[in-house]
Amino acid sequence: MHYWLFKSEPTCFSIDDLSRRPQQVTCWDGVRNYQVRNMLRDEIKVGDWVFFYHSSCNPPGIAGIMEVIKNGYPDHTAWDLHSDHYDPKSTPENPRWYMVDVKLVSKFSQVITLDQIKNHPKLKKMLITRKGNRLSITPVTVEEWTTLLALSRI
DNA sequence: GCCAACGTTGGC
DNA sequence: GCCAACGTTGGC
């Protein structure tokens with residue numbers, strides 16, 4: 001059992017978009033970074049818990065919780081010519097990119113803002129607070145998870 | 001819209 | 001395999 005944080009720009013895909021999906025499920029496609037690909041393929045497993053983080057918006061922060069419901073499998077948008085994430089170097093025979101499926105568990109009544117996270121003694125070391133951190137998926141520790149859950153109920 | 005950070009690309 | 005140039009991310 002592991003904990004993660006997935007970033008998404010809400011103008012692209014928000015937690016409300018997820019809540020409107022059938023079964024409130026989506027495949028987390030479009031990752032085109034090797035470090036993150038490796039996490040999706042090898043480390044992120046069914047039953048893991050995920051924070052849904054809104055980036056490049058005002059305010060950036062954690063909007064809710066998801067659960068992983070399908071282990072890593074090839075990201076088929078990579079071989080879709082019409083996809084924004086098309087990558088000719090990935091093929092069905094030799095897939096380069098992976099994704100998992102996630103399901104919405106809950107949306108927080110209020111976003112836990114990046115500012116709150118940066119100012120919280122137990123959270124200020126989270127990878128998300130580091131300037132220049134460009135990984136769209138990062139691991140979260142148990143302590144960070146429980147601290148954030150408590151904050152979400154305030 | 002600026003710009004720092006950093007991953008990727010490609011020439012050598 | 002080095003490293004400069006380039007592109008992208010994402011907070012501000």
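Below, chains carry the letters A, B, ... as their sequence lines are ordered, and counting in each starts from 1.
Remark: aromatic rings of A:Trp97 and A:Tyr34 are close, center separation under 6.0 Å.
Atom pair A:His85:NE2 and C:dT8:C1' shows a separation of 13 Å (rounding to whole Å applied). The separation between A:Glu9 atom CD and C:dG11 atom P is 9 Å, rounded to whole Å. Rounded to a whole Å, the OH atom of A:Tyr34 is 15 Å from the P atom of C:dT9. Whole-Å rounding puts the A:Arg130 CZ to B:dG7 C1' distance at 17 Å. Across the protein-nucleic acid pair, A:Ile62 atom CD1 and C:dG10 atom P stand 14 Å apart, rounded to whole Å. Protein atom CG of A:Leu5 is 17 Å distant from nucleotide atom P of C:dT9, rounded to whole Å. A:Leu127 has its CG atom 13 Å from the P atom of C:dG10, to the nearest Å. Per the geometry, CG belonging to A:Asn133 stands 13 Å off P belonging to C:dT9, to the nearest Å.
A salt bridge is absent between A:Asp75 and A:Arg96: the closest approach of a Lys/Arg side-chain nitrogen to an acidic carboxylate oxygen does not fall below 4.0 angstrom.
The phosphate of C:dG11 (OP1 or OP2) has no side-chain N or O of A:Lys131 nearer than 4.0 angstrom.
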### Task
Could you go through the side chain to side chain donor-acceptor pair (under 3.5 Å) check for A:Thr77 and A:Arg32 one step at a time?
CA-CA 11 Å; A:Thr77 66; A:Arg32 298 293 180 267; 3.1 Å; yes
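Closest contact between the side chain of A:Arg134 and the listed nucleotides C:dT9, C:dG10, B:dT8 involves C:dT9. Picking from B:dA5, C:dG11, B:dT8 the nucleotide with the shortest atom distance to the side chain of A:Tyr53 gives C:dG11. Checking B:dC6, C:dG10, C:dC12 against every side-chain atom of A:Lys118, the shortest atom distance belongs to C:dC12. Checking B:dT9, B:dA5, C:dG11 against every side-chain atom of A:Lys89, the shortest atom distance belongs to B:dT9.
Taking the six-membered ring where the residue is Trp, A:Trp28 and A:Phe6 present tilted rings, their angle falling between 30° and 60°.
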